[in-house]
Amino acid sequence: MRVSHLMLVTLRDDPAEAEIASHRLLLRGGYIRRIAAGVYAYLPLLWRVLSKINAIVRQEMDRTGALETLLPQLQPAELWERSGRWQGYTAGEGIMFHLIDRQDRALGLGPTHEEVVTALAADLLRSYRQLPVCLYQIQTKFRDEIRPRFGLMRGREFIMKDAYSFHADPTSLADTYLAMDQAYRRIFQRCGLRTVAVEADSGAIGGSASQEFMVTAEVGEDLILSSPDGCYAANQERAVSMAPPALPLDPNVSTGVVATPGQGSIAALSEAHGFAPSRILKVLLLLARFSGLPAQPVLVCLRGDQQLNEVKLRNALVATLADPSHPLLELLPIAAEQLESEGVAALPFGFLGPQLDDAVLEGANHWRRQFLRLADPSVAELDRFVCGANQLNQHLVVDGWPALTPLPELVDLRSAQPGDPCLHDPQQRLVACRGIEVGHIFQLGRKYSEALDARFTTEAGTDEAFWMGCYGIGVSRLAQAAVEQHHDGKGICWPVAIAPFELIVVVANGQDPDQLSLAERLYGELRAAAVDVLLDDRSERAGVKFKDADLIGIPWRVVVGRGAATGMVELVERVSHASEELPATDLLARLLPRLVAGRRGLEIS
RNA sequence: CGGGGCGUGGCGCAGCUUGGUAGCGCGGGUGCUUUGGGAGCACUAGGUCGCAGGUUCGAAUCCUGUCGCCCCGACCA
């Protein structure tokens with residue numbers, strides 16, 4: 001390909017809309033253009049990158065025996081109603097684009113394809129003899145993200161590889177799950193990305209085991225907690241740890257009421273009375289809204305030095321209260337103004353204790369008039385603690401739980417923090433880093449197959465629901481994550497395996513016939529040697545071409561310049577800037593081994 | 001949705017406070033010169049100042065409404 005035919009439009013200034021390096025570079029390098037919030041055109045240069053990623057993904061998926069397919073993006077609401085997800089995905093904070101057609105039928109634009117693929121499985125797969133089956137597709141997905149951002153990182157329209165497997169039993173599911181884990185590691189390694197696999201929350205998709213693949217990067221939206229010995233890594237949403245031991249309460253402090261004027265926060269209490277935050281009981285009031293049910297007030301107890309993990313709380317609520325026909329729509333802290341409009345008497349926020357009586361909910365118009373009471377296990381061990389007295393400006397020093405009120409149901413609700421001891425080895429302390437989620441694999445179990453009545457006949461002749469797994473890779477996100485991980489002050493440094501071109505031949509002076517003819521000759525030879533080569537034949541000055549080559553990030557550059565008359569060229573590596581002069585006749589021999597190594601991706605360590 | 005900010009030639013911005021001929025840099029076109037790290041000179045094209053109302057003799061500027069976008073939080077590949 002010649003640059004003069006590439007429709008290459010690079011920008012000299014940073015576009016105002018872009019915040020992070022990868023987004024800026026993709027815009028400046030002429031890879032993407034924004035069409036609407038979270039909606040981007042993939043320009044020819046990026047499409048080449050995406051095609052290379054897709055090719056790697058296909059090879060590795062095919063290698064596992066998965067079958068490529070293409071499922072509809074326009075999906076009937078009825079299918080989603082059967083799985084119980086239509087409400088959750090369209091109402092409230094739902095992310096599914098949906099529409100009504102001319103016949104008044106409701107349709108959704110596919111954010112994911114469990115429903116469609118499960119319905120197909122129900123139709124096509126009748127016998128255990130046909131199992132296991134794994135279907136995958138590479139396709140545009142639509143999600144009306146609450147806040148699209150960072151270019152392709154969180155778009156409302158994006159490219160995803162999604163795969164779904166169907167099994168006769170959990171063992172077969174576990175086998176495929178493991179095969180996918182291995183395939184994913186190969187895919188990211190071949191793309192030249194440093195990734196870490198972490199335990200993950202399975203979120204809205206549902207299911208049991210789940211693992212995410214994170215591209216490590218400062219700007220990642222996810223926080224990863226891991227142990228230095230490499231035995232444990234998890235998304236903070238999911239991470240577990242030991243709470244650091246609670247500090248003792250001063251034995252001279254007597255049990256009973258403490259006046260705490262204006263000291264409605266852990267910090268203020270601790271400062272005024274010397275109570276260790278780990279001995280102060282934090283009581284949070286939240287409201288869980290379920291579709292079609294009265295809102296449920298939730299009272300959560302945590303140690304004062306710990307933070308609530310909202311994902312864990314949501315999961316606990318769903319596990320205890322929700323069912324598919326009443327999905328959890330929203331979980332929010334209860335605000336003072338809300339109490340009034342609900343008809344509930346004001347509560348002494350900042351001075352709440354776990355003994356707060358259900359009677360305070362008596363006037364509630366729409367809420368359930370009984371708290372769901374949950375506590376993190378770290379509070380159970382406190383033999384003495386400080387908590388609110390449920391009176392303004394008063395706290396209590398209490399001799400343990402039974403003395404005050406029964407211990408609420410214990411559920412892990414804490415956010416694990418960097419520095420916390422690990423469960424597998426308390427000597428190990430969790431450390432934090434940030435990551436961009438590029439892949440996620442789940443063992444779904446029978447959630448969808450049961451909801452959609454997708455059954456097969458077992459060897460014993462009985463009918464059973466399929467065991468299912470699902471496996472996603474954010475292809476367009478991966479491309480941008482690669483830029484985030486591989487760039488410098490001058491531009492992108494694509495890994496060879498996914499670079500739009502492997503090498504660019506730059507003619508320093510387009511007026512010089514020697515340079516032109518040598519460059520043309522090399523261009524021909526390189527193409528004949530199956531090198532993915534770009535020829536910068538524009539009538540620009542050398543400086544402009546060098547800047548553009550660096551910006552768009554072609555891994556190798558051959559400069560045909562002053563030495564052309566004597567057959568000499570310069571070979572430059574983009575990442576290291578290392579350059580060498582060599583006879584043009586030696587170029588292929590010098591370059592090819594390095595190119596071939598680069599095409600393999602990261603070396604496996 | 002809550003909070004913050006921005007909409008002025010293709011891109012980056014100034015002008016708005018204090019209403020009065022719409023500007024700068026980059027980019028585009030033509031010509032000459034230049035030619036190994038975003039060239040110089042000359043000429044040139046290109047803007048309903050997001051949109052709709054209002055105030056005013058007069059609105060990019062003031063007021064009201066509306067739409068779009070970006071950033072911080074709740075969502076996820």
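Order of the sequence lines fixes the chain letters, A, B, ..., with proteins taken first and strands second; residue numbering starts at 1 for each chain.
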Just the rounded figure in Å: distance from [atom2] of [N] to [atom1] of [X].
X: N235(A); N: A77(B); atom1: CG; atom2: P; answer: 11 Å
X: D201(A); N: C75(B); atom1: CG; atom2: P; answer: 10 Å
X: L571(A); N: G36(B); atom1: CG; atom2: P; answer: 20 Å

Looking for any heavy atom pair under 4.0 Å, which part of the strands does [X] touch: base, sugar-phosphate only, or nothing?
X: R314(A); result: sugar-phosphate
X: F150(A); result: sugar-phosphate
X: V559(A); result: base
X: R557(A); result: base
X: A508(A); result: base
X: G439(A); result: sugar-phosphate
X: D548(A); result: base
X: V544(A); result: base
X: I95(A); result: sugar-phosphate
X: R147(A); result: base
X: E145(A); result: base
X: E212(A); result: nothing
X: E570(A); result: base
X: D222(A); result: base

Nearest to the side chain of [X] - [options]?
X: R34(A); options: C69(B), G36(B), A74(B); answer: C69(B)
X: F546(A); options: U34(B), C71(B), G37(B); answer: G37(B)
X: R149(A); options: G37(B), C75(B), U34(B); answer: C75(B)
X: R562(A); options: A77(B), C13(B), G36(B); answer: G36(B)
X: R12(A); options: C26(B), C76(B), G12(B); answer: C26(B)

Given the structure, check if the side chain of [X] and the base of [N] hold any donor-acceptor pair shorter than 3.5 Å.
X: D13(A); N: C13(B); result: no
X: R154(A); N: C76(B); result: yes
X: R24(A); N: G12(B); result: no

Residues forming a side chain to side chain contact (heavy atoms under 4.5 Å, CB included) with N309(A), sequence neighbours excluded:
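Per chain and number, N309(A) pairs via side chain to side chain contact (heavy atoms under 4.5 Å, CB included) with V311(A), K312(A), S415(A).
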
Taking [M] as the reference, what is the distance to [N] when you measure between their [atom1] atoms (whole Å, please)?
N: G9(B); M: G46(B); atom1: P; answer: 15 Å
N: U35(B); M: G47(B); atom1: C1'; answer: 35 Å
N: G15(B); M: C24(B); atom1: P; answer: 15 Å
N: G40(B); M: U48(B); atom1: P; answer: 30 Å
N: G37(B); M: C32(B); atom1: C1'; answer: 24 Å
N: C49(B); M: C16(B); atom1: C1'; answer: 11 Å
N: G3(B); M: A74(B); atom1: C1'; answer: 13 Å

With W494(A), which residues qualify under side-chain hydrogen bond (donor to acceptor under 3.5 Å, both in side chains), at least two apart?
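Listed in chain order: Y31(A).
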
Over 60° means perpendicular and under 30° means parallel, so classify the ring planes of F188(A) and Y184(A), tilted if in between.
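Plane angle over 60°, so perpendicular.
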
For [N], which nucleotide is its Watson-Crick or G-U wobble mate, given both distances must be under 3.5 Å?
N: G68(B); result: C6(B)
N: C57(B); result: G20(B)
N: C1(B); result: G73(B)
N: C41(B); result: G31(B)

Using a heavy-atom distance cut-off of less than 4.0 Å, which residues of residues 475-494 of chain A contact RNA chain B?
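Within this stretch, R477(A) sit under 4.0 Å of the strand.
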
Would you mind checking if [Y] and [X] are paired as a salt bridge, meaning a charged N to carboxylate O distance below 4.0 Å?
X: R2(A); Y: E520(A); value: yes
X: E114(A); Y: K447(A); value: no
X: K141(A); Y: D162(A); value: yes
X: K490(A); Y: D488(A); value: no

Lys/Arg cation over aromatic F546(A): R557(A), 6.0 Å, 45° cone:
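The answer is yes; both the distance and angle limits are met.
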
Would you confirm whether Q296(A), through its side chain, and L317(A), through its main-chain N or O, come within 3.5 Å as a donor-acceptor pair?
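No, Q296(A) side chain to L317(A) backbone: no donor-acceptor pair under 3.5 Å.
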
Measure from the side-chain N and O atoms of D537(A) to the backbone N and O of S4(A), and report whether any donor-acceptor pair falls under 3.5 Å.
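Confirmed, D537(A) side chain pairs with S4(A) backbone.
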
Would you kindly compare A18(A) and V560(A) by the position of their nearest RNA chain B nucleotide and give the one closer to the 5′ end?
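Going by which nucleotide is closer to the 5' end, it is V560(A).
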
